[in-house]
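A short worksheet on the structure shown next.
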Number of protein chains: 2
Amino acid sequence: MSSSVETASSEPAEILGVGEPAGADTTHGDWVERAERALAGAGRKRGGARRALLALLAGQECALTALEVEDALRGASARPVSRASVYRILDELEALGLVQRVETGQAMVRYERVCEHEEHHHHHLVCDQCGLVMPFSDAGLERAIDSLSERVPLAVSEHEIVLHGSCRDCAA
Amino acid sequence: MSSSVETASSEPAEILGVGEPAGADTTHGDWVERAERALAGAGRKRGGARRALLALLAGQECALTALEVEDALRGASARPVSRASVYRILDELEALGLVQRVETGQAMVRYERVCEHEEHHHHHLVCDQCGLVMPFSDAGLERAIDSLSERVPLAVSEHEIVLHGSCRDCAA
DNA sequence: TTAACTGCAAAGAATTTGCATCGTG
DNA sequence: CACGATGCAAATTCTTTGCAGTTAA
């Protein structure tokens, strides 16, 4: 899979792999571990539904909607999880800072794993024609945001950046 | 009211006036005119509901939700407008590029006037505790975005940036 | 007079909640 | 055994549509 090296401000922005589960349980096993630990620490027991969700999210390179999560878990080898549980678990993970919401202006909230450090920190490109969502990262942009964060009347904890436009296929 | 001068990257980011209708019909009368022209050009007739909405939006410095628009028009001296019309008109204005959606991660879409040129171009600060939304602008950030826009596989037409955190009151 | 504009009420869609049951610690 | 985890179905909330009456051009 593509490395997550951030770009200098003249090189093309780093476009991260999209969609395909990048080796499910291994790639970000550390994230699953951290999640399990955080959940245990919060006095939670381990249920099958949540385990299935963690495994799925760990293997995703980019944000999914609750419905996409539900479908992904229903198909293939995964354990089906009811819609209510998907939402409940996603909320729970968000509260623990393990997952974050991404608003792409597509009428449905998307969720994606949050990594410690900045290894996988990224933002999103959204094609308004076909709905394609691609993750990207850019060092120059992060610098601008960091600098800016110190000059606003808000203790900034997170930031979200979405670029809208037409993807190559749709623009053609 | 505060001027919309953009900041150099070391000065505090420009925080624009929030909330209060900044002199309703006069401040951005040019926007209303442009809107009326665009609508007429699209073969639309002039209805009272739409006129009320244009007047309200023209006086807003920042994004409102459909419900806030409905409430604002119900109270005071404005003309009440049904919820359906609020949504319908907002959609219509968005399609004509007169208004744009802003996703602040608060479960409801917000809408705000779009100005030609960049006079009032700005982004948003959202307090996750109390829900306060403040507009701000920053030249350094815009430069980073412009540069970045040329290096991604998307014909970028718009960008949205939201900083989340705690406002001064809530952080205290 | 025609076509747009509106309001009201019903319809949709995404997300949340209530409740009974099952499973983990 | 007690309390968290889940599924199912009903309930909410925001947004969209269908229709019929009103109004601008």
Side-chain angles (χ1 to χ4, degrees), chain A residues 35-57 63-74 78-96 98-111 131 133, chain B residues 35-57 63-74 78-96 98-111 131 133:
Chain A
E36 304 259 60
R37 235 178 299 130
L39 289 163
R44 278 19 197 306
K45 296 177 180 176
R46 274 179 271 173
R50 190 157 58 201
R51 187 143 33 198
L53 256 172
L54 290 180
L56 174 68
L57 293 175
L64 296 180
T65 65
L67 259 42
E68 289 172 342
V69 167
E70 189 190 3
D71 286 345
L73 294 177
R74 183 174 13 251
R79 172 187 183 293
V81 174
S82 75
R83 185 163 308 181
S85 292
V86 170
Y87 281 110
R88 241 171 340 217
I89 294 171
L90 248 15
D91 270 357
E92 179 178 58
L93 295 178
E94 190 198 0
L96 291 173
L98 295 163
V99 145
Q100 87 185 141
R101 299 167 82 106
V102 178
E103 308 263 334
T104 57
Q106 299 174 131
M108 285 198 297
V109 181
R110 284 172 179 279
Y111 298 84
V133 177
Chain B
E36 302 258 62
R37 232 177 304 130
L39 289 163
R44 277 23 197 302
K45 295 176 180 174
R46 274 181 273 172
R50 191 157 57 202
R51 188 145 29 202
L53 256 173
L54 289 180
L56 175 68
L57 294 176
L64 298 180
T65 64
L67 259 40
E68 288 172 342
V69 167
E70 189 189 2
D71 287 344
L73 294 178
R74 185 177 9 255
R79 172 190 184 291
V81 174
S82 75
R83 184 164 309 180
S85 292
V86 170
Y87 280 112
R88 238 169 345 214
I89 295 171
L90 250 16
D91 270 357
E92 181 178 55
L93 295 177
E94 190 199 359
L96 291 172
L98 295 164
V99 144
Q100 85 183 141
R101 297 171 154 244
V102 178
E103 308 263 336
T104 57
Q106 295 171 311
M108 283 198 298
V109 180
R110 284 173 178 278
Y111 297 84
V133 177

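Each chain gets a letter, A, B and so on, in the order its sequence line appears, and its residues count up from 1. What you see is a predicted model; the values in this text were computed from it and never measured.
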- Would you kindly give the CE-to-P distance between B/Met108 and D/dT13, to the nearest whole Å? 12 Å

- Message: Could you work out, with salt bridge (Lys or Arg N to Asp or Glu O under 4.0 Å) as the rule, every residue matching A/Arg79, not counting sequence neighbours?
- Response: none

- Item | Neighbours of DNA chain D within residues 45-54 of chain A, by heavy-atom distance under 4.0 Å | A/Lys45, A/Gly47, A/Gly48, A/Ala49, A/Arg50

- Task: Hey, could you give me the CG/CG distance between B/Leu57 and B/Leu98, rounded to the nearest 0.5 Å?
- Result: 10.0 Å

- Taken in chain and number order and not counting sequence neighbours, the residues that satisfy side-chain hydrogen bond (donor to acceptor under 3.5 Å, both in side chains) with B/Glu92 are B/Arg44, B/Arg50

- Message: Under 4.0 Å from OP1 or OP2 of D/dG7: is there any side-chain N or O of A/Ser82 that close?
- Response: yes

- Decide, yes or no, whether a salt bridge links A/Asp91 with A/Arg88 under the criterion of side-chain N to carboxylate O below 4.0 Å. no

- List the steps and the verdict of side chain to side chain contact (heavy atoms under 4.5 Å, CB included) for A/Leu90 and A/Val109. CA-CA 11 Å; A/Leu90 248 15; A/Val109 181; over 6 Å; no

- Going from CD on B/Glu103 to CZ on A/Arg101, what distance comes out if it is rounded to the nearest 0.5 angstrom? 11.0 Å

- Show your working on side chain to side chain contact (heavy atoms under 4.5 Å, CB included) between B/Leu56 and B/Leu64 and close with a plain yes or no. CA-CA 10 Å; B/Leu56 175 68; B/Leu64 298 180; 4.1 Å; yes

- Query: Taking only N and O in the side chain of B/Tyr87, is any of them less than 4.0 Å away from OP1 or OP2 of D/dT15?
  - Reply: yes

- Item | Side-chain touch B/Gln106/B/Thr65, heavy atoms, less than 4.5 angstrom | no

- Message: Let's go through A/Leu54 and A/Leu39 carefully: what are the C-alpha distance in whole Å and the side-chain angles of both, what is the deciding distance for side chain to side chain contact (heavy atoms under 4.5 Å, CB included) to 0.1 Å, and is it a yes or a no?
- Response: CA-CA 11 Å; A/Leu54 290 180; A/Leu39 289 163; 4.2 Å; yes

- Terminal axes of the helix from C/dT1-D/dA25 to C/dG25-D/dC1 (5 end pairs apiece), angle rounded to 10 degrees, sit apart by 30°

- Message: Rounded to whole Å, how long is the line connecting atom CZ of B/Arg88 with atom P of D/dG18?
- Response: 11 Å

- Task: First locate atom CZ of A/Arg51, then atom CZ of A/Arg46, and finally report the distance between them rounded to the nearest 0.5 Å.
- Result: 6.0 Å

- Note on the structure: Taken to the nearest 0.5 Å, the spacing of A/Arg83 CZ from A/Leu67 CG works out to 4.5 Å

- Item | Span of DNA chain C, from the first to the last nucleotide whose atoms fall under 4.0 Å of chain A heavy atoms | C/dA14 to C/dG25

- Task: Could you tell me the separation between the CZ atom of B/Arg83 and the P atom of D/dT16, rounded to a whole number of Å?
- Result: 12 Å

- Query: How long is the gap from OH on A/Tyr87 to CD on A/Glu70, to the nearest 0.5 Å?
  - Reply: 8.0 Å

- Message: What's the separation between atom CD in B/Glu94 and atom CD in B/Gln100, rounded to the nearest 0.5 Å?
- Response: 8.5 Å

- Message: Among residues 36-44 of chain A, which ones have heavy-atom contacts with DNA chain D below 4.0 Å?
- Response: A/Gly43, A/Arg44

- Query: What's the CD-P distance between B/Glu70 and D/dT16, to the nearest Å?
  - Reply: 14 Å

